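The model shown is predicted, which means the values in this text are computed figures rather than measured ones. For this chain, numbers begin at 1 and follow the sequence in order.
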Amino acid sequence: MFTDEYYMKLALQEAQEAYEKDEVPVGCVVVSNNRIIARSHNLTETLNDVTAHAEMQAITSAANFLGGKYLINCTLYVTLEPCVMCCGALSWAQISRVIIGARDQQRGFIGKNLQLHPKTEFVTGILENECSSIVKEFFKTKR
């Protein structure tokens, strides 16, 4: 069985891909029964779409793979805490677990006192330093 750290490293690879496309470097993977069923990263600049966050892309991809809109018995690994929009989408998808690398104090859902689906478990701080470093480095180049 693979660990949360293993899957978060794969999400970090997705974040690196976003970084290389000059997208905010957020990446994620969706896992079901120890199998990756979706991979994604931010595409808001590429698609000129404010809703093209990594999580939104992953939800759509995973739902298409499963053939249904609910992601029960699935885990989403994401390098940065989901925003309010993504929190809502994850809640509607009824995903079972959300594993978060780094917190997003400004835009993340946790600080806004929002909840995921009542049955969704979430964990923060998996590979936190690596996940926050890539975002800090990206924005350092922008300033």
Next on the checklist: Is there a salt bridge (Lys or Arg N to Asp or Glu O under 4.0 Å) between K9 and E5? Walk through the geometry before answering.
Outcome noted: CA-CA 6 Å; K9 285 179 185 174; E5 289 79 8; over 6 Å; no
Item to check | Worked check of side chain to side chain contact (heavy atoms under 4.5 Å, CB included) between R97 and D4 | outcome: CA-CA 11 Å; R97 295 176 72 224; D4 288 343; 3.3 Å; yes
Item to check | Derivation and outcome, salt bridge (Lys or Arg N to Asp or Glu O under 4.0 Å), residues D104 and K112 | outcome: CA-CA 11 Å; D104 184 345; K112 309 276 191 253; over 6 Å; no
Checklist entry - V24 and T44: side chain to side chain contact (heavy atoms under 4.5 Å, CB included), yes or no, with the steps? => result CA-CA 8 Å; V24 175; T44 58; 5.8 Å; no
Checklist entry - Would E23 and T46 count as a side-chain hydrogen bond (donor to acceptor under 3.5 Å, both in side chains) if you check the C-alpha gap in whole Å, the side-chain angles of each, and the deciding distance to 0.1 Å? => result CA-CA 8 Å; E23 296 274 1; T46 303; 2.7 Å; yes
Checklist entry - Do L116 and F109 pass the side chain to side chain contact (heavy atoms under 4.5 Å, CB included) test, and can you show the C-alpha distance, the side-chain angles, and the key distance before you say yes or no? => result CA-CA 9 Å; L116 293 165; F109 79 93; 3.9 Å; yes
Item to check | Trace of the side chain to side chain contact (heavy atoms under 4.5 Å, CB included) decision for K119 with S96 | outcome: CA-CA 7 Å; K119 293 182 180 176; S96 296; over 6 Å; no
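E121 contributes atom CD, which lies 7.5 Å from atom OG1 of T75 (distance to the nearest 0.5 angstrom). In this structure, SG in C74 is found 8.0 Å from CG in N33, a value given to the nearest 0.5 Å. A distance of 5.0 Å separates CD1 in I37 from OG in S32, rounded to the nearest 0.5 Å. Taken to the nearest 0.5 Å, the SG atom of C83 stands 10.0 Å off from the CG atom of L114. Residue C28 holds its SG atom at 11.0 Å from CZ of R39, rounded to the nearest 0.5 Å. How far CG of L90 is from NE2 of H117: 12.0 Å, rounded to the nearest 0.5 Å.
Annotation for R35 and Y7: closest pair N-OH, 4.3 Å, computed over non-hydrogen atoms. Nearest approach of A54 to S40, heavy atoms of both residues: O-OG, 2.6 Å. The shortest non-hydrogen separation linking L43 to K21 is CD2-NZ, 4.1 Å. Nearest heavy atoms, C131 versus G101: SG-CA, 3.7 Å. Smallest separation of non-hydrogen atoms from I134 and L12: CG2-CD2, 4.4 Å. Nearest heavy-atom pair across I100 and P82 is CD1-CD, 3.9 Å.
Side-chain contact check for V26 versus H53: every heavy-atom pair is 4.5 Å or farther apart. Side-chain contact between D22 and K142 is present, with at least one heavy-atom pair separated by less than 4.5 Å.
When the side chains of ILVMFWY residues are joined at heavy-atom separations under 4.5 Å, either directly or via intervening members, V98 and Y6 end up in a single hydrophobic cluster. W92 and V84 are assigned to two separate hydrophobic clusters, defined by single-linkage of ILVMFWY side chains at heavy-atom distances under 4.5 Å. Under a hydrophobic-cluster definition in which Ile, Leu, Val, Met, Phe, Trp and Tyr are linked whenever side-chain heavy atoms come within less than 4.5 Å, directly or via other members, V78 and F139 are assigned to the same cluster. Under a hydrophobic clustering in which Ile, Leu, Val, Met, Phe, Trp and Tyr are joined whenever their side-chain heavy atoms come within less than 4.5 Å, directly or via other members, Y70 and M56 fall into different clusters. Under a hydrophobic-cluster definition in which Ile, Leu, Val, Met, Phe, Trp and Tyr are linked whenever side-chain heavy atoms come within less than 4.5 Å, directly or via other members, I59 and M85 are assigned to different clusters.
Looking only at distances, a side-chain donor or acceptor of E81 sits under 3.5 Å from a matching main-chain atom of I110. No donor-acceptor pair closer than 3.5 Å links the side chain of T60 to the backbone N or O of Q57.
Ring to ring, Y77 and F2 are not that close: their centroids are 6.0 angstrom or more apart.
When the salt bridge (Lys or Arg N to Asp or Glu O under 4.0 Å) test is applied to K69, no partner is found at least two apart in sequence or on another chain. Taking the salt bridge (Lys or Arg N to Asp or Glu O under 4.0 Å) definition, one finds that E137 meets it with K140, sequence neighbours left out.
With respect to Q16, the side chain to side chain donor-acceptor pair (under 3.5 Å) criterion is satisfied by exactly one of Q13, E20, E14: E20.
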